[in-house]
Amino acid sequence: MLSVSNLEVVYDDVVLVLRGLSIEVPAGGIVALLGANGAGKTTLLRAVTGLLVPHRGRITKGTVRFDGTDITGADPAQVVRRGVAQVMEARRIFAEMTVDENLRAGAHTRRSRVEVKESYARVLDLFPILASRRRSTAGYLSGGEQQMLAIGRALMAAPRLLLLDEPSLGLAPKLVEQVRDIVAQINAQGMSVLLVEQNAVMALSIADHGYVLEVGAVVRDGPAAELMADDDIREFYLGAPADGSRRSFAEVKSYRRKKRWSA
Ligand code: ATP
């Protein structure tokens, strides 16, 4: 469904951030994109949604295809209309607006009032907490509620592919579980999902396939269950080194290789 091929992205015409990155999201699948801070995860999402321009970024090589159509460099409204919606990192909701207004804003690219009404009912069904807070100012919602609102707003565009940028960021474990269950539920209704996460356990527990990103390139990919069971990935993403330092995935890998050879 989404096919990113050999993508290169440059900021300010000089900073090369994505270096020939390729990923695939199949129809109906959940794909996890893992990687440390600065690996290029958000940049990849911006490249897909057409949001590089306001950040002075540019695709210099490669292609982005959605449902077989080339959408490389397409503008954001066009991408949304084609069926891709993004839930922003840090829950960028409109804090001054009500829950209701936030949700309706998510449907701004749609024409049919009847369909928008249907989506609205479906979103409130999925998030009963939002139904009871429809008239509340969004900025006063709790962190978890704001995350639900951010997801709900993206769903109002009736996407076929949902991009989520670190939905578990800053949430208590119980809420992370809730968000995970919601994503699984949305996927079960037929929506494809690209899930960007630093919380590898959360992401891999619902994903079919995962990619590990480092310095703008994919260093590893495979079925989610395989990545979850992988010692190197466990050490980097799930375990904290004794000295408190956090090594890169590539370092952990070469260290383990050396250890095997010297044994
Ligand atoms: P994080 O989880 O911290 O958001 P990330 O994997 O999403 O990390 P990106 O936000 O895509 O990574 O950033 C990748 C690299 O690109 C970083 O080195 C960052 O400093 C740089 N970068 C991001 N946006 C810009 C910009 N507008 N101009 C210049 N460099 C940028």
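These numbers were taken from a predicted model, which means no experiment stands behind them. Numbering of residues begins at 1 and proceeds along the displayed sequence. Counting starts at 1 for both ligands and their atoms, in listed order.
With 3.5 Å as the limit, one finds a donor-acceptor pair spanning the side chains of S168 and E197. N199 and E166 form no side-chain donor-acceptor contact under 3.5 Å, judged by distance and modelled atom types alone.
Per-residue contacts place H55 under 4.0 angstrom from the following atoms of ligand 1 (heavy atoms of the residue considered): 26 (C), 27 (N). Residue Q198 has at least one heavy-atom neighbour below 4.0 Å for each of these atoms of ligand 1: 2 (O). Counting the atoms of ligand 1 from 1 in the order shown, those under 4.0 Å from a heavy atom of E166 are 2 (O). Listed by number with element, the atoms of ligand 1 under 4.0 angstrom from any heavy atom of R46 are 24 (N). For ligand 1, the atoms sitting less than 4.0 Å from at least one non-hydrogen atom of T42 are 4 (O), 5 (P), 7 (O), 10 (O), 11 (O), numbered in the order shown with element in parentheses.
Residue A39 has at least one nitrogen or oxygen atom sitting less than 3.5 Å from a nitrogen or oxygen atom of ligand 1, judged on distance alone. At a 3.5 angstrom cut-off on N or O pairs, G40 counts as close to ligand 1.
Within the structure, the closest approach of A36 to ligand 1 falls below 4.0 Å when heavy atoms are considered. Ligand 1 lies out of reach of V15, whose nearest heavy atom is not under 4.0 Å from it.
Annotation: cation-pi pair R104/Y120 present, NZ/CZ under 6.0 Å from the ring centroid and within 45° of its normal.
Salt bridge present: E145 and R133 bring a charged side-chain N and a carboxylate O closer than 4.0 Å. Classification of D13 and R56 as a salt-bridged pair fails, no side-chain N sitting under 4.0 Å from a carboxylate O.
One N or O on the side chain of N187 and one on the backbone of G28 form a donor-acceptor pair closer than 3.5 Å.
Within the 4.5 Å cutoff, no side-chain heavy atoms of L227 are placed close to those of H209.
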